[in-house]
Amino acid sequence: MDTNEFYIGEPDYQSNFWELQNLNDNCAVVAQMGIINQFIDDPISMDDATFLAHQIGAYNPGFGTTPEAVGMLFDQFDIPYHTVENASIEQLASELQQGHRVVVGLDSDQLWDQGPLNDFYNWFCDVFGFDTSTFQPADHAVSVTAVDLSDLDNPMVIINDSGALDGQGKAYPLDKFMDAWQNSDFHYVATSVAPGGGGGPDFDIGQFLGIGTTIATIGMGLDPASASLAGGLVDSLVQNTDWDSILSSL
């Protein structure tokens with residue numbers, strides 16, 4: 001279990017379940033497989049997972065997996081899950097805080113290309129309000145394992161990416177991740193429970209709401225120092241409120 005107090009999620013534990021995909025288009029299958037193997041005693045292999053996904057219509061060789069089909073493999077192992085469209089980073093962090101496992105769709109070019117040309121492209125689309133998902137839809141799926149807030153000047157999103165040689169527990173700046181995730185209209189599929197093996201991170205509602213506020217305000221463009229103050233204020237308010245008295249008076 002991860003002990004870094006600045007992690008929302010369990011990246012170290014989940015990195016044990018990363019594998020490099022063996023086909024160009026089975027990324028969604030491999031992302032689900034890495035999660036399934038955290039729930040079951042006898043791990044399923046990549047070949048077996050890909051074959052099973054093809055059998056149930058969740059994988060089409062040469063075309064991959066549609067967003068609607070992500071999660072169908074979870075059904076085969078009785079793992080409850082839910083799908084969220086137009087999600088926020090706060091919702092994603094909430095799933096991780098609860099120990100849920102998450103698969104997101106994103107654009108691989110925007111995720112992997114970290115050069116100045118890609119930065120200009122993202123800036124251009126933001127300035128002119130272009131919805132890149134309409135002309136450059138998501139073409140890749142990864143498992144998000146954590147948000148790292150150890151440096152508020154540079155929040156990071158940690159993923160298991162089966163499409164990259166160095167994709168095991170790979171960390172990306174929050175803004176880069178958001179640019180790539182936007183191309184799926186911020187779509188994700190998450191398990192509705194945490195696996196027993198991971199145990200799930202300790203849940204501190206005050207700290208979580210404070211961290212969530214920090215993430216949200218950074219995402220809206222507030223400077224990190226002000227965002228941190230906002231998060232600390234929320235944490236303080238929650239921790240210093242007599243919730244028992246309030247609930248008993250209802």
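The figures that follow rest on heavy atoms only: side chains count, while hydrogens, waters and symmetry mates do not.
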- Who pairs with D166 by salt bridge (Lys or Arg N to Asp or Glu O under 4.0 Å), at least two apart in sequence or on another chain? K170
- Task: Mind running side chain to side chain contact (heavy atoms under 4.5 Å, CB included) on V193 and F39 for me, showing each step along the way?
- Result: CA-CA 10 Å; V193 295; F39 283 85; 3.8 Å; yes
- Query: Between I158 and Y7, is any pair of side-chain heavy atoms under 4.5 Å apart?
  - Reply: yes
- Can you tell me how far the CG atom of D48 sits from the CD atom of Q55, to the nearest 0.5 Å? 11.5 Å
- Item | Closest heavy-atom pair and its distance - M46, Q21 | SD-CA, 3.8 Å
- Message: For a quick test of reading the model, state the closest non-hydrogen atom pair linking S184 to G105 and the distance between them.
- Response: OG-O, 2.7 Å
- Could you give the distance from OH (Y59) to OG1 (T50), rounded to the nearest 0.5 Å? 6.5 Å
- Task: Would you indicate whether the side-chain heavy atoms of F77 and L52 approach each other to under 4.5 Å?
- Result: yes
- Item | Gap between atom CG of D109 and atom CG of D139 - 0.5 Å precision | 6.0 Å
- Message: Atom NE2 of residue position H54 - does it have more than 12 heavy atoms of other residues, nucleotides or ligands inside 6.0 Å?
- Response: no
- Message: Main chain of G34, side chain of N37: is a donor-acceptor contact present, judged purely on distance under 3.5 Å?
- Response: no
- Query: Okay, side chain of S162, backbone of A31: is any donor-acceptor separation there less than 3.5 Å?
  - Reply: no
- Query: With a cut-off of 6.0 Å (strictly less than), are more than 12 heavy atoms of other residues, nucleotides or ligands near CG of N24?
  - Reply: no
- Of the non-hydrogen atoms in D41 and P43, which two are nearest, and what is the gap between them? O-CD, 3.4 Å
- Query: Strictly by modelled atom types, are S45 and D47 linked by a side-chain donor-acceptor pair under 3.5 Å?
  - Reply: no
- Please name the pair of heavy atoms, one in P11 and one in A146, separated by the smallest distance, quoted to 0.1 Å. CD-CB, 3.4 Å
- What are the two closest non-hydrogen atoms of A53 and V29, and how far apart are they? CB-CG2, 3.8 Å
- Item | Single-linkage hydrophobic cluster V84~I89, side-chain heavy atoms < 4.5 angstrom | yes
- Query: Measuring from I56:CD1 to L73:CG, what's the distance to the nearest 0.5 Å?
  - Reply: 4.5 Å
- Message: Strictly distance-based, threshold 3.5 Å: is any side-chain N or O of D151 a donor or acceptor partner for the main-chain N or O of D153?
- Response: yes
- Message: Closer than 3.5 angstrom, by distance alone: can the side chain of N154 be matched with the main-chain N or O of P173 as a donor-acceptor pair?
- Response: no
- Strictly by modelled atom types, are Y188 and E95 linked by a side-chain donor-acceptor pair under 3.5 Å? yes
- Query: Would a distance-only check, ignoring hydrogens and angles, find a side-chain to backbone donor-acceptor pair under 3.5 Å from H140 to L106?
  - Reply: no
- Task: Report whether M72 and F74 are members of the same hydrophobic cluster (ILVMFWY, side-chain heavy atoms less than 4.5 Å apart, transitive linking).
- Result: yes
- Message: If only side-chain N and O atoms count, and only distance matters, is there a donor-acceptor pair under 3.5 Å linking Q98 with S94?
- Response: yes
- Can you name the closest pair of heavy atoms from S88 and Q91 and give their distance? N-OE1, 2.8 Å
- Task: Could you grab the distance from atom CD1 of I35 to atom OG1 of T191, nearest 0.5 Å is fine?
- Result: 6.5 Å
- Message: Has D25 got a side-chain atom pairing as donor or acceptor with F63's backbone, closer than 3.5 angstrom?
- Response: yes
- Query: Is there a donor in the side chain of Q110 and an acceptor in the side chain of N183, or the other way round, less than 3.5 Å apart?
  - Reply: yes
- Message: A side-chain contact here means heavy atoms from C-beta on lying under 4.5 Å apart; do V104 and I159 qualify?
- Response: no
- Item | Residue pairs fulfilling side-chain hydrogen bond (donor to acceptor under 3.5 Å, both in side chains) with at least one residue in residues 69-80, sequence neighbours excluded | D75-Y81
- Item | Donor-acceptor contact present, side-chain Q97 to main-chain I8, <3.5 Å | no
- Message: Distance check, rounded to the nearest 0.5 Å: R101 atom CZ versus T145 atom OG1?
- Response: 9.0 Å
- When hydrophobic residues are tied together by side-chain contacts of less than 4.5 Å, even through go-betweens, does F177 share a cluster with L152? yes
- Task: Is it possible for you to say whether I79 and V102 belong to one hydrophobic cluster, with membership spreading through side-chain heavy-atom contacts below 4.5 Å?
- Result: no
- Item | N160 (side chain) donor-acceptor with Q14 (main chain) under 3.5 angstrom | yes
- Item | ILVMFWY network linking L174 to V147, side-chain heavy atoms under 4.5 angstrom | yes
